[in-house]
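Read through the structure below, which is laid out as structure tokens, and then see the notes.
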Amino acid sequence: MAQQNAADIGLIGLAVMGQNLALNAADHGYSVAVFNRTTSVTDEWIEKIKTHEPSASRIIPTHDLRQLVASLKRPRKVIILVKAGAAVDAVVKQLLEAGIEKDDIVVDCGNSLWTDTIRREKEYASRCKFFGSGVSGGEVGARFGASMMPGGDPASWKHLQSIWEAVAAKVDVKTGKPLEDYAPGKPVQGGVPCTTYLGPDGAGHYVKMIHNGIEYIDMQLICEAYTLLGNLLGLKADELAKVFAHWNEGDLDSYLIQITADILQQHDPKHKNEFLVDYVLDAAGQKGTGKWTGVNALDMGIPANSIAEAVFARCLSALKDERVQASKQLKGPQTQTYSGNRDELINAVRQALYCSKICAYAQGFQLMREAQNEYKWKLNFAQIAAIWRGGCIIRARFLQKITDAYTRDSELVNLLLDPYFNEQISKGQAAWRQVVSLAAVNGIAAPAFMSALAYYDGYRSARLPANLLQAQRDYFGAHTYERTDEPRGHFFHMDWPEAGRPQVLVTKPAK
Ligand code: 2AM
């Protein structure tokens with residue numbers, strides 16, 4: 001039986017993330033009262049961890065929410081880790097019925113849509129402090145240190161901060177590299193925690209969504225490098241594994257490149273002399289956070305085209321049966337094995353990947369810049385990049401460069417304009433263009449490499465063909481145009497059907 005007012009934290013939802021986060025907190029000395037809707041899940045898990053988890057004694061199982069609420073110290077702090085959407089509201093309402101009070105803090109650590117978090121904070125304000133926190137890092141991150149992205153009432157953050165800093169991943173103070181020497185019951189000591197207060201209401205969940213959008217494009221870029229090298233050089237999975245392992249020693253050093261190298265060298269359990277990756281069906285799934293990022297980019301009118309492209313690439317892959325049919329009817333060029341130097345092409349693809357990655361992150365940070373205006377947040381971009389250095393799926397050496405860029409200039413308009421990133425693209429762009437050309441000439445789909453290049457070339461163009469576009473809009477819809485030789489804000493319309501096509505000044509900005 002749970003003791004009254006004794007537990008430090010409550011945690012609801014014992015799927016894998018919930019179980020691991022509870023053990024993580026317990027490893028740091030917190031007592032955690034847990035609850036799951038299906039109570040057998042709780043009992044079986046408690047039975048399982050009893051024997052081999054050193055901190056199991058600090059996990060307190062409860063079988064109803066009243067019991068859970070009564071067991072907590074005040075102000076009560078309850079983490080919810082249930083399926084995003086209606087389940088979150090259902091659980092909050094049950095918690096309110098079970099005795100949660102006005103000063104108690106209910107933290108949604110799921111992958112919730114940030115606008116839901118904004119709405120929930122308001123909706124429950126008179127009855128509890130509803131708080132949102134993104135968590136990235138998958139099972140291992142939740143267990144041994146995740147990137148934690150909290151947003152909500154700043155006074156509530158004061159009560160959560162030490163817990164969040166404890167369960168967060170840690171990076172080395174000097175190098176920014178993740179400290180990953182951990183084991184059950186033996187969390188990493190010292191280091192900088194990968195968490196920081198991001199802002200009010202939905203800021204945490206928004207930043208988490210952008211993290212996931214970037215994760216989509218990071219993964220897609222790696223997949224395109226894999227397919228280009230595989231097709232143009234005829235490299236087998238184990239040879240590609242070596243390429244990625246080598247890349248992981250340089251600027252591309254990251255969790256995703258590291259796991260790619262590991263995946264590629266994995267033999268298939270059924271066909272011992274072949275590779276697992278060659279038997280994995282090429283139809284991608286998705287859970288929605290990448291899509292939300294794309295939708296948000298469209299809603300705000302921000303060109304995050306590569307992030308959206310990565311979502312569409314998954315959608316296209318999912319049309320497996322249709323593609324198989326189409327492959328029999330739609331012709332393209334025969335892929336030619338690359339006749340030049342193998343190592344030079346590998347290096348060119350590496351540079352194309354790095355340049356595209358810079359553009360993708362530029363888009364993600366541009367989205368956050370716009371969102372902070374829309375939602376009146378004050379996001380600290382140097383810190384956001386810093387808390388992604390460890391724990392989360394996109395953790396990478398590269399993020400230190402982003403922290404450095406925003407430390408040099410917190411008002412930086414676009415990452416591409418930072419001297420370091422500008423120089424990297426200057427160095428890599430000839431190779432990037434070569435790789436994109438090879439993809440086009442050989443009929444290899446490389447949508448992320450291509451859209452990132454189009455973003456770069458569009459962003460650096462003082463003049464785009466939107467002059468013609470505005471004239472077209474004016475022609476069929478009288479949508480007006482501004483002129484290059486008149487002040488901005490003066491809108492003209494040409495009466496296209498009229499003989500002589502007179503031009504009139506339609507509106508001027510108010511003085
Ligand atoms: P369950 O084990 O009872 O299904 C991930 O789905 C987690 O969210 C699981 O712990 C699941 O509990 C929980 N969950 C999903 N929907 C829920 C709901 N409406 N109320 C409470 N918990 C829910």
Side-chain angles (χ1 to χ4, degrees), residues 2 7 9-26 30-50 53 55-56 58-72 76-100 104-117 119-121 123-124 127-143 146 148-149 163 167 204-205 208-209 212 285-292 392-393:
I9 311 167
L11 188 144
I12 300 173
L14 291 174
V16 179
M17 290 295 280
Q19 292 178 359
N20 284 337
L21 198 61
L23 285 168
N24 184 350
Y30 292 102
S31 51
V32 190
V34 297
F35 172 85
N36 195 67
R37 178 180 57 180
T38 312
T39 50
S40 58
V41 171
T42 313
D43 297 340
E44 282 158 26
W45 178 60
I46 293 289
E47 210 37 51
K48 194 173 118 198
I49 63 172
K50 246 179 13 196
E53 283 289 350
S55 309
R58 281 193 282 275
I59 306 273
I60 306 148
T62 67
H63 281 164
D64 73 72
L65 285 176
R66 284 199 168 276
Q67 211 188 347
L68 176 113
V69 170
S71 73
L72 297 173
R76 302 180 180 101
K77 294 166 276 294
V78 184
I79 293 172
I80 307 182
L81 258 165
V82 299
K83 206 164 173 287
V88 175
D89 287 298
V91 170
V92 177
K93 284 176 186 145
Q94 288 159 19
L95 273 171
L96 293 171
E97 283 164 18
I100 280 290
D104 294 338
I105 306 162
V106 176
V107 191
D108 174 16
C109 281
N111 258 332
S112 290
L113 186 63
W114 83 100
T115 47
D116 280 342
T117 307
R119 190 253 310 156
R120 286 178 182 130
E121 197 200 60
E123 190 174 325
Y124 303 121
R127 307 185 62 193
C128 71
K129 307 272 187 243
F130 185 87
F131 199 93
S133 180
V135 178
S136 175
E139 289 174 37
V140 175
R143 179 66 186 87
M148 305 288 290
M149 295 162 246
I163 304 169
V167 299
H205 276 135
K208 171 68 199 319
M209 177 191 75
N212 284 29
Q286 50 181 312
K287 282 203 175 156
T289 40
K291 182 188 90 173
W292 292 345
C392 64
I393 305 298

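Remember, it's 1-based here, ligands and their atoms both numbered in the order they're listed.
Annotation: side chain of F35 is not in contact with side chain of V69 (no heavy-atom distance under 4.5 Å).
Within 4.0 Å of ligand 1, protein heavy atoms belong to G13, L14, A15, N36, R37, T38, V82, K83, A87, V91, listed by chain and number.
Atom CD of residue Q67 and atom CD1 of residue I60 lie 10.5 Å apart, to the nearest 0.5 angstrom.
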Compile the donor-acceptor pairs under 3.5 Å between side chains in residues 133-140 and protein atoms, sequence neighbours left out, one pair per line.
{"residue": "S133", "atom": "OG", "partner": "W164", "partner atom": "NE1", "Å": "2.9"}
{"residue": "S136", "atom": "OG", "partner": "H211", "partner atom": "NE2", "Å": "3.2"}
{"residue": "S136", "atom": "OG", "partner": "I393", "partner atom": "N", "Å": "3.4"}

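When each of V78, I80, V106 is paired with V91, the side chain to side chain contact (heavy atoms under 4.5 Å, CB included) condition holds for I80 and for no other.
More than 12 heavy atoms of other shown residues, nucleotides or ligands fall within 6.0 angstrom of atom CZ in R119.
Between the side chain of H205 and the main chain of G110, a donor-acceptor pair closer than 3.5 Å is present.
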